[in-house]
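What follows is a set of notes on a single structure, which appears directly below.
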2 protein chains.
Amino acid sequence: MAVHKKEEFSVKEQNLAAFAKAISHPARIAILSVLAKRNQCICGEIVEVLPLAQSTVSQHLKELKNAGLIDGETDGPRSCYCINWKAFEKFNTDFNSLFEKLKEANAKCC
Amino acid sequence: MAVHKKEEFSVKEQNLAAFAKAISHPARIAILSVLAKRNQCICGEIVEVLPLAQSTVSQHLKELKNAGLIDGETDGPRSCYCINWKAFEKFNTDFNSLFEKLKEANAKCC
DNA sequence: CTGATTCATCGTAAAAAAACGATAATAAAA
DNA sequence: TTTTATTATCGTTTTTTTACGATGAATCAG
């Protein structure tokens, strides 16, 4: 029990799920929101705004970066992050391509 | 350690994160995809298609229903599900309203 | 060079998620 | 009424996530 079954789904499904997972926590939504407003900012500014410890924020940033949603580069002793808009566009495209199919049917359940 | 901090974020952020969490597993993406194609179907049909046990699929369906992404009603001994398209539209709206703000800036990191 | 700042990483603990088998509940069929 | 088919729920185990403090690494200021 508790075996990994994620690999048995299609790559597209896995990618979409991975993106969704990246934004599936309010803290990460908040981080993205800050980045969207300020265009770019350093880790410390984000820590100031969020109700979380520095190490926790750093962890969330890492996850967002691993998922490809943000870019980051170190600038002296600090780290500067910004949103990777291309990744968001790809998400929108994939998301729609999965669900646009029968939208016009406007199904009523059973 | 391990304290719930989710409540300390805005309602909008929490809702968006909850939606994303619902679609953050490939099995649930696959379920939604099946429903989108077939308009509606019963639990058993989904179980046939997925590489998961019946109880696991039922659990995923419950999560999707709790998140408001699908509707379901029992039809005799079986349960019929379909997609709640309104919920998807709301997600799209909220998603864009959070992130559309600075898109034109096309930021380059630092 | 020393000290201060800034951030990432490590270790750890608690909570939640994922998966299954077994069992209960429900309604149709016999 | 008894059986059968279908689905939901319960109990359990393993894994993953969330969160923190403490420690390290890197750079700037003095």
Side-chain angles (χ1 to χ4, degrees), chain A residues 1-9 13-14 17-18 20-31 35 40-67 70-82 109-110, chain B residues 1-9 13-14 17-31 34-35 40-67 70-82 109-110:
Chain A
M1 317 110 187
V3 191
H4 262 68
K5 292 253 172 163
K6 289 186 182 173
E7 314 79 25
E8 303 192 18
F9 296 89
E13 286 161 352
Q14 290 184 52
K21 188 186 210 60
I23 61 172
S24 73
H25 194 287
R28 292 194 286 271
I29 301 263
I31 289 173
L35 288 176
Q40 64 179 22
C41 57
I42 62 171
C43 177
E45 295 178 292
I46 301 171
V47 173
E48 277 178 6
V49 174
L50 299 200
L52 296 172
Q54 179 266 323
S55 61
T56 307
V57 170
S58 203
Q59 212 169 267
H60 283 306
L61 284 167
K62 190 182 181 184
E63 286 176 63
L64 288 171
K65 200 175 174 187
N66 284 344
I70 64 176
D71 295 318
E73 53 183 37
T74 105
D75 168 30
R78 62 210 81 170
S79 291
C80 188
Y81 292 97
C82 66
C109 206
C110 295
Chain B
M1 323 91 192
V3 190
H4 262 69
K5 292 252 171 161
K6 288 186 182 174
E7 314 79 26
E8 302 191 19
F9 295 89
E13 285 161 352
Q14 289 184 52
F19 187 103
K21 190 185 210 61
I23 60 172
S24 74
H25 192 287
R28 292 194 286 270
I29 301 262
I31 290 174
V34 170
L35 287 176
Q40 63 180 21
C41 57
I42 62 171
C43 177
E45 295 178 295
I46 300 171
V47 173
E48 275 178 8
V49 174
L50 299 200
L52 296 173
Q54 179 268 322
S55 60
T56 307
V57 170
S58 203
Q59 212 170 266
H60 282 307
L61 283 167
K62 190 181 180 184
E63 286 176 63
L64 287 171
K65 199 174 173 188
N66 285 342
I70 64 176
D71 296 318
E73 54 185 36
T74 107
D75 167 29
R78 61 209 81 167
S79 292
C80 188
Y81 292 97
C82 66
C109 204
C110 295

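All values below come from the heavy atoms of this structure, side chains included, with hydrogens, waters and symmetry mates left out. Lettering of chains follows the sequences in order, A, B, ..., and the numbering in each one begins at 1.
Using a 4.5 Å heavy-atom threshold, the side chains of A:Asp75 and A:Ile42 count as separate.
C:dA18 atom C1' lies 6 Å from atom NE2 of B:His60, rounded to whole Å. One can place NZ of A:Lys5 at 8 Å from P of C:dG21, the figure rounded to the nearest angstrom. Atom CD of A:Gln14 is separated from atom P of C:dA18 by 14 Å (rounded to the nearest Å).
At the heavy-atom level, A:Glu45 lies nowhere under 4.0 Å from the strands shown. Within 4.0 Å of B:Leu61, counting heavy atoms only, lies no atom of the nucleic acid at all.
Contact check of residues 20-28 of chain B against DNA chain C (heavy atom, cut-off under 4.0 Å) returns B:Lys21, B:His25, B:Arg28. If you check residues 47-57 of chain A against DNA chain D, the residues with a heavy atom closer than 4.0 Å are A:Leu52, A:Ala53, A:Ser55, A:Thr56, listed by number.
Distances from the side chain of A:Lys62 to the nucleotides C:dT9, C:dC7, D:dT9 place C:dT9 closest. Taking every side-chain heavy atom of A:Glu63 into account, D:dT18 is the closest of C:dC7, D:dT7, D:dT18.
Within 3.5 Å, a donor on the side chain of A:Gln59 pairs with an acceptor on the base of D:dA19, or the reverse.
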Would you list the protein and nucleotides 26-30 of chain D atom pairs, both N or O, that sit under 3.5 Å from each other?
none

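Listed for the B:Ser58 side chain is no donor-acceptor partner under 3.5 Å among the backbone atoms of B:Ser55.
Here A:Lys6 does not reach the OP1 or OP2 of C:dA19: none of its side-chain N or O atoms lies under 4.0 Å away. One finds no side-chain N or O of B:His4 lying less than 4.0 angstrom from the OP1 or OP2 phosphate oxygen of D:dA19. Between D:dA8 and B:Tyr81, a contact under 4.0 Å exists linking OP1 or OP2 to a side-chain N or O.
To the nearest 0.5 angstrom, B:Leu35 atom CG is 10.5 Å from B:Asp71 atom CG. Atoms NZ and CD, from A:Lys6 and A:Glu13 in turn, are 13.0 Å apart once rounded to the nearest 0.5 Å. Here the CD1-CD1 distance, from A:Ile31 to A:Ile46, works out to 5.5 Å after rounding to the nearest 0.5 Å.
Under the rule for a side chain to side chain contact (heavy atoms under 4.5 Å, CB included), the partners of B:Ser79 that lie at least two apart in sequence or sit in another chain are B:Thr74, B:Tyr81. Under the rule for a side-chain hydrogen bond (donor to acceptor under 3.5 Å, both in side chains), the partners of A:Glu63 that lie at least two apart in sequence or sit in another chain are A:Arg28. With sequence neighbours excluded, no residue satisfies disulfide bond (SG atoms under 2.5 Å apart) with B:Cys43.
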